Amino acid sequence: MDIRIVNIAKDFGATGALRGVSLDIMSGELIALLGPSGSGKTTLLRIIAGLEIPKTGLVLFDNEDTTGVPVQHRRIGFVFQNYALFKHMNVFENIAYGLRVRRHGERKPPHTIARTVRDLLDLVQLPGIEERYPAQLSGGQRQRVALARALAVEPRVLLLDEPFGALDAKVRKDLRRWIRELHDRTGHTTIFVTHDQEEALELADRVAILNQGRLEQIGTADQVYDGPASAFVMSFVGDTSSLEVVVCNGCMTIAGEPLAADITGTAEGPAMLYLRPVDAVLSDSPRALAGTVISARRTPTGRRLQIKLSAGNGIVELEADAAKIVKSGDAVGVRILRGCIFAKQ
Amino acid sequence: MLDAGRHDPRAVHVPAVTTESALMRRVLIAVALAFLTLFLILPVLLVFAEAFKKGIGALLAAFADPDAQAAVRLTLIVAAISVPLNTIFGLSASWAIAKFEFRGKSLLITLIDLPFSVSPVVSGLVYVLLFGAHGLFGPWLKAHHIEIIFALPGIVLATVFVTFPFVARELIPLMQEQGSLDEEAALTLGAGGLRMFLTVTLPNIRWGLLYGVLLCNARAMGEFGAVSVVSGHIRGVTNTMPLHIEILYNEYDFVGAFGVASLLTLLALATLAAKSFLEWRYRDAIANAARH
Amino acid sequence: MTMASWTRRPSAMPGFGLTFGYTLLYLGLVVLIPLALLLVRASGLGFAGILAIAAEPRVFAALRISFGLSLVAAAVDMVFGLLVAWVLARYKFPCRNVVDAAVDLPFALPTAVAGIALASLYAPTGWIGVPLKMIGISVAFTPLGIFVALVFVGLPFAVRTVEPLISEIDREVEEASATLGASRAQTVRRVILPMLAPAMLTGFALAFARSVSEYGSVIFIAGNVPYVSEIAPLLIVIKLEEFNYTGATAVATIMLALSFLMLLAINLVQAWSRRRFGHA
């Protein structure tokens with residue numbers, strides 16, 4: 001099912017607000033809503049679900065206006081961050097719930113419901129735990145039961161609110177991989193909310209990045225990494241260093257000294273140059289920027305250095321070869337290979 | 001491109017998901033309020049209405065009646081004895097329970113709660129069995145001309161029994177939650193036991209203590225069943241205010257009965273008001289006290 | 001200080017001996033010894049003796065009236081207590097705080113005051129008695145009057161046990177139910193009420209135990225007619241006045257046994273629900 005979100009606005013919390021967010025989601029896509037807390041991503045998800053009503057804007061399911069449709073009738077599946085399982089019902093009753101509350105005309109016979117529940121338990125790889133109660137399950141198991149419960153009603157779209165937030169790291173990694181496989185197998189349109197950029201970019205077909213209620217960028221991992229639409233996106237999805245530069249007629253200078261590099265983005269006048277640790281290297285060339293190492297630490301792949309440039313006092317973080325022994329205090333030369341320019345805020 | 005601005009979802013009445021429709025809410029509130037008015041508010045209003053029925057003059061005359069005044073005096077004396085006794089007990093018990101570990105603690109707490117689950121009449125009965133004319137110590141007391149039943153000591157005993165747990169019940173969970181850190185800090189600074197108690201413990205528990213004392217007092221002044229059994233109903237001598245109310249009511253002296261009743265009602269209302277105030281101001285300190 | 005050190009782990013805190021000793025002494029003198037005496041007398045009668053007294057027509061009638069009406073009153077309290085607790089916990093309306101405080105009235109008001117107020121209210125000439133008489137219902141001096149007084153007495157218990165649970169219900173569970181297609185009524189019936197059931201039962205048991213023991217609030221509005229509207233606590237008082245200590249003891253023992261059973265039942269229900277639902 002396609003979903004179109006058109007110009008949604010809503011106030012939430014003490015100071016937050018969604019401002020004019022629009023995006024299109026294609027049928028069968030696995031899309032992530034990514035952003036820091038307060039960005040409005042959960043509110044947006046809840047508006048799509050029908051748990052909140054937007055101040056203005058439209059939500060369209062397959063081009064039908066669903067904005068006024070109550071959540072009960074939207075045929076969505078929602079998985080809450082803390083699972084929200086019914087504590088007084090066992091696993092079977094939890095999963096069967098959505099099928100049992102249907103009106104008499106639409107309700108399936110008990111043996112069909114039982115078969116559906118068992119099939120779903122097999123799907124989420126938890127066979128045989130029907131009689132257990134949520135209090136007796138681990139976090140990862142509860143997560144999967146919540147998912148099975150949401151899938152039981154054959155939803156048109158699956159909505160997950162920080163699905164791995166309450167789990168510990170190892171379980172999180174396993175479940176991530178498992179959700180992707182599940183999605184590939186079932187083909188549901190899926191939207192999930194997360195603040196973990198690594199998780200979003202690893203799992204999703206496309207990522208929508210929100211910041212302070214605004215949609216900063218929506219795109220694939222390639223598009224987001226290589227063509228960030230704003231300084232926020234660039235610094236949110238990976239480590240970045242930033243330097244103050246001035247752009248004049250296509251030439252870039254840093255503290256007066258000319259700087260040549262492979263630059264994406266356009267700006268004129270005072271601007272910020274953003275680069276990743278791999279976008280700069282140590283260099284002995286006379287045209288390299290002079291700087292002093294202020295910290296050096298070993299990483300699995302090399303040596304992470306923080307270098308204070310003499311020109312302009314900016315700090316560059318770069319990853320050097322492990323073989324090169326560099327210590328704090330050393331004078332080095334830095335050559336910037338690539339970067340993105342954004343206008344100074 | 002759809003003109004999204006034209007569509008205003010606020011015009012669509014989609015109810016919030018986790019509450020009933022506005023109509024249902026109003027109906028439920030109305031039914032709840034009607035029930036409460038019928039069962040709770042009307043009786044209180046009636047007390048005051050009947051007290052003032054024949055005018056303020058008649059009411060004041062009722063208060064001036066010597067038997068009524070004796071009843072008020074007796075009630076005050078009984079409260080003045082039983083409330084401090086139970087308060088000291090409450091402080092003592094909660095100190096022992098909250099600051100120390102020993103076996104049988106939960107049994108002790110259950111035993112302290114016992115008078116709460118005993119009928120007021122039975123509370124009086126047990127003392128009659130002990131000190132009544134045909135009771136265990138009856139003959140001995142008679143021989144020594146000591147009067148307990150049908151006299152002040154009996155009334156005090158019965159009242160103490162009935163209001164026994166009130167202060168302790170408020171203080172025990174409060175002190176358990178507060179732990180011993182402050183007291184231990186005082187000890188390391190060289191404070192002696194009593195000084196530590198007065199300067200550290202008491203201030204920490206003051207609102208729970210006040211609340212417990214208020215409840216204890218309200219119950220002590222208002223106790224009827226237990227006192228009725230032990231008092232002998234001797235006018236002017238062994239009648240507390242509740243018993244005096246009974247006598248007046250049975251004689252159809254409604255202004256008198258409701259007059260005295262209105263005094264006790266004012267006390268109850270003041271206790272409730274103080275309770276609300278304390279809960280509002282010191283929510284955390286008495287959060288544990290809400291287990292009636 | 002050493003007298004009690006074998007029962008506890010050593011502590012730096014002062015005053016254990018003093019406070020523990022005084023606590024036990026006071027508790028023993030005021031509560032335990034008198035109650036023990038009652039039980040001794042009761043055991044003197046023996047189980048058979050107590051049952052024989054319980055079987056006496058007048059005693060049996062009083063017990064039936066007390067227990068029976070308390071059961072019905074506690075059930076009514078349970079239902080309306082849930083309603084009141086729900087309205088207080090979930091809705092905003094003017095004077096909400098006053099209403100919240102008013103729920104404790106039966107707890108704070110002296111029983112004799114409540115007794116005469118209810119009696120006058122429902123008497124044939126009373127504010128409510130008059131309209132009821134017009135439709136042919138008498139409340140005062142009948143078992144119905146006892147019922148009204150017992151509803152009054154038990155209400156705070158039914159409300160206060162459920163209220164905290166209502167506030168604790170995770171709204172997400174209600175939302176989850178809605179996302180799965182349940183209507184509001186279905187959510188209330190299938191999700192919310194079952195979660196409140198243990199607290200409702202506790203409230204019922206507490207209201208019941210309180211109603212059975214109640215004296216002052218009831219004897220004014222009851223007719224106190226033997227076999228018809230005489231409650232068990234009144235029977236105890238009457239037997240005492242006749243110096244029939246034996247009979248009074250027997251009835252009192254039955255009532256104590258009941259309180260104990262109620263407390264036990266409450267604890268069992270709470271323990272079961274904690275195990276099943278994983279609270280605390």
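FYI, side chains are in, hydrogens and waters are out, and symmetry mates aren't considered; it's all heavy atoms of this structure. Letters A, B, ... are given to chains in the order of the sequence lines, protein chains preceding strands, and every chain is numbered from 1. Everything quoted here is computed from the prediction, not taken from an experiment.
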Check your understanding: Between C:Ala119 and chain B, which part of the residue has a heavy atom less than 4.5 Å away: side chain, backbone, both or neither?
Key -> both
Review point. Would one find more than 12 heavy atoms of other residues, nucleotides or ligands at under 6.0 Å from atom CZ of C:Arg96?
Key: yes
Point to revise | Within-4.5 Å side-chain heavy-atom neighbours: C:Pro110 and B:Leu267 | key: no
Practice item. Could you check if a side-chain atom of B:Val121 sits within less than 4.5 angstrom of a side-chain atom of C:Met255, using non-hydrogen atoms only? Key: no
Review point. With chain C, which of B:Val47, B:Leu33, B:Leu36 has the greatest number of heavy-atom pairs at distances under 4.5 Å?
Key: B:Leu36
Exercise for review: May I ask you to test the C:Phe16-B:Phe102 pair for a side-chain heavy-atom distance under 4.5 Å?
Suggested key: yes
Point to revise | Which atoms of C:Leu37 approach chain B - backbone, side chain, both or neither, heavy atom under 4.5 Å | key: side chain
Exercise for review: Flag the one option from C:Thr187, C:Leu155, C:Thr249 with the top tally of heavy-atom pairs under 4.5 Å to chain B.
Suggested key: C:Leu155
Review point. Which atoms of C:Leu256 come close to chain B, meaning under 4.5 Å heavy atom to heavy atom: side chain ones, backbone ones, both, or neither?
Key: side chain
Point to revise | Heavy-atom side-chain proximity of B:Leu40 to C:Pro106 below 4.5 angstrom | key: yes
Check your understanding: How many angstroms lie between CG in B:Leu136 and CZ in C:Arg41, if you round to the nearest 0.5 Å?
Key -> 8.5 Å
Review point. Mind checking whether B:His134 and C:Tyr245 have parallel, tilted or perpendicular rings, split at 30° and 60°?
Key: perpendicular
Check your understanding: Given that the side chain runs from C-beta out, which part of C:Ile128 has a heavy atom under 4.5 Å from chain B: side chain, backbone, both or neither?
Key -> side chain
Practice item. Of all the heavy-atom pairs spanning B:Ala49 and C:Trp127, show the shortest one and how long it is. Key: CB-CZ2, 3.6 Å
Review point. Where does C:Val251 contact chain B at under 4.5 Å (heavy atoms): side chain, backbone, both or neither?
Key: neither
**Study point:** Validation row: C:Phe93, B:Arg25 side chains within 4.5 angstrom (heavy atoms)
**Key:** no
Study note, to complete from the structure: Hits for salt bridge (Lys or Arg N to Asp or Glu O under 4.0 Å) against C:Glu174, two or more places apart or cross-chain, chain-then-number order -> C:Arg90, C:Arg184
**Study point:** Residue, of B:Leu194, B:Leu187, B:Leu91, that accumulates the most heavy atom pairs under 4.5 Å with chain C
**Key:** B:Leu187
Exercise for review: Could you have a look at B:Val260, B:Leu38, B:Asn250 and say which one has the most heavy-atom pairs with chain C under 4.5 angstrom?
Suggested key: B:Leu38
Practice item. Among C:Tyr22, C:Tyr91, C:Phe152, single out the residue with the greatest number of heavy-atom pairs under 4.5 Å to chain B. Key: C:Tyr91
**Study point:** Criterion side chain to side chain contact (heavy atoms under 4.5 Å, CB included) on B:Leu269 and C:Leu105, from CA distance to verdict
**Key:** CA-CA 8 Å; B:Leu269 293 175; C:Leu105 260 176; 4.2 Å; yes
Check your understanding: For chain C, which of B:Ala218, B:Gly222, B:Gly90, B:Ser92 has the most heavy-atom pairs under 4.5 Å?
Key -> B:Ser92
**Study point:** chain B contact via C:Leu24 - which portion, at a heavy-atom distance below 4.5 Å
**Key:** side chain
Exercise for review: Could you check whether the rings of B:Phe164 and C:Tyr26 sit parallel, tilted or perpendicular, using 30° and 60° as the cut-offs?
Suggested key: parallel
Review point. So which part of C:Leu240 gets closer than 4.5 Å to some heavy atom of chain B, the side chain, the backbone, both or neither?
Key: side chain
Review point. So B:Phe224 and C:Tyr215, would you call those rings parallel, tilted or perpendicular, with 30° and 60° as cut-offs?
Key: parallel
Review point. Tell me, do B:Tyr249 and C:Phe220 make a side-chain contact under 4.5 Å, heavy atoms counted?
Key: yes
Review point. Between atom OG1 of C:Thr23 and atom CD1 of B:Ile88, what is the distance when rounded to the nearest 0.5 Å?
Key: 11.5 Å
Exercise for review: With a 4.5 Å cut-off on heavy-atom pairs, point out which of C:Val30, C:Val87, C:Val113 contacts chain B the most.
Suggested key: C:Val30
Check your understanding: Is chain B contacted by the side chain of C:Ala248, its backbone, both, or neither, given a heavy-atom distance below 4.5 Å?
Key -> both
Review point. Any idea which of B:Leu129, B:Leu108, B:Val122 has the most non-hydrogen atom pairs under 4.5 angstrom with chain C?
Key: B:Leu129
Point to revise | Test item: B:Phe161 and C:Leu35 side chains (from C-beta on) under 4.5 Å apart, heavy atoms | key: yes
Exercise for review: Give, as side chain, backbone, both or neither, the part of C:Ile192 having an atom under 4.5 angstrom from any heavy atom of chain B.
Suggested key: neither
Check your understanding: Would you call B:Leu272 and C:Phe107 a side-chain contact if the rule is heavy atoms closer than 4.5 Å?
Key -> no
Point to revise | Per-residue contact mode, B:Ser117 against chain C (heavy atom under 4.5 angstrom) | key: both
